[in-house]
Every structure is written in structure tokens, then in C-alpha cells.
*Asks:* 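What follows is a single structure, and I will ask about it in a moment.
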Amino acid sequence: MPLRQAIAGFLKCWLDSKDECVRSAKRMANSLKVSWIAVYVENSRHFNLSEREKLIVESYFRMAKRNGADTVTLYGENAAEEILSYAKL
């Protein structure tokens, strides 16, 4: 059941605002009594982001930290592969 909840939370993040995504992840982690991690995968597109967009990414990381998350920045072109590799550590 936790995997289904995690998948539902991940999909919810794509549908909701990012603020709600952070709050949803916190609620899910609390209900499962587990820690949680906010991940950003930096790739070549990151360098094309405006300063405003980079500040937005940073603001979500700060929000996640305030809500109890560990934060990790990964580097690579394929976000899914990088996240899966990290999860296997």
C-alpha cells in the first residue's frame, strides 16, 4: 500500500500546484511515519532557466526543508534514471 500512496502522491504533484505538492508529500510521509526527500534533477535545461525560475526552484526546496524534508540535487539528463539510481543507494 505505501508504494501506491507514493505513486499517487507523485502523480498528484504533476496535477497540483507545487506548493500543494510539498504539503501533500509531508502529509503522506507523516501518515506513513517515514522521512521524505525533495529531489531536483539538474540537467542541461537548468542553465537555460531564467533567474526567476531558478529562484522558484530554490524556494520549493526551502519550503520542503521547512516541512521536514531532506533535499537532494542530482545531476543528469534523464530525471527518472537519476532518481531511480539514487533510490537504489
*Asks:* State which residues pass side-chain hydrogen bond (donor to acceptor under 3.5 Å, both in side chains) with S35; sequence neighbours excluded, sorted by chain then number.
*Replies:*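 Testing S35 for side-chain hydrogen bond (donor to acceptor under 3.5 Å, both in side chains), a comparison that skips the adjacent residues, returns none.
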
*Asks:* Using side-chain heavy atoms (C-beta onward) and a distance below 4.5 Å, is K26 in contact with W36?
*Replies:* yes

*Asks:* Cluster question for you: counting only ILVMFWY and a side-chain heavy-atom cut-off of under 4.5 Å, with indirect links fine, are L74 and I37 together?
*Replies:*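 Yes; tracing contacts between hydrophobic side chains, which count when under 4.5 Å, links both residues.
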
*Asks:* Can you tell me how far the CZ atom of R27 sits from the CG atom of N67, to the nearest 0.5 Å?
*Replies:*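 Here the interatomic distance stands at 10.0 Å.
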
*Asks:* Using only atom types and a distance under 3.5 Å, with no angle test, would you say the side chain of E53 pairs donor to acceptor with the backbone of S50?
*Replies:*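 Side chain of E53 to backbone of S50: a pair is present.
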
*Asks:* Do Y75 and V41 have side-chain heavy atoms sitting under 4.5 Å apart?
*Replies:*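 A side-chain contact under 4.5 Å is absent here.
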
*Asks:* Going from CD on E51 to CD on E58, what distance comes out if it is rounded to the nearest 0.5 angstrom?
*Replies:*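 These two atoms lie 8.5 Å from each other.
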
*Asks:* Which residues pass the side-chain contact (heavy atoms from CB on, under 4.5 Å) test with R45, sequence neighbours left out?
*Replies:*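 R45: side-chain contact (heavy atoms from CB on, under 4.5 Å) contacts with N43.
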
*Asks:* What's the spacing between K65 NZ and T71 OG1 if we round to 0.5 Å?
*Replies:* 4.0 Å

*Asks:* Does any part of the side chain of V22, heavy atoms only, come nearer than 4.5 Å to the side chain of F61, both counted from C-beta?
*Replies:*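 With C-beta onward as the side chain, the pair stays apart.
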
*Asks:* If hydrophobic clusters are built from ILVMFWY residues whose side chains come within less than 4.5 Å, do I83 and V72 share one?
*Replies:* yes

*Asks:* Which heavy atom of A38 sits nearest a heavy atom of A64, and at what distance?
*Replies:* CB-CB, 3.7 Å

*Asks:* Has K54 got more than 12 heavy atoms of other residues, nucleotides or ligands less than 6.0 Å from its NZ?
*Replies:*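 Buried by this count: over 12 neighbours within 6.0 Å.
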
*Asks:* Given 3.5 Å as the limit, does a donor-acceptor pair link the side chain of S59 with the main chain of I56, or not?
*Replies:* yes

*Asks:* Are R52 and L55 packed together at the side-chain level, in the sense that at least one heavy-atom pair is separated by less than 4.5 angstrom?
*Replies:* no

*Asks:* Backbone N or O of E77 within a donor-acceptor pair of the E82 side chain at under 3.5 Å?
*Replies:* no

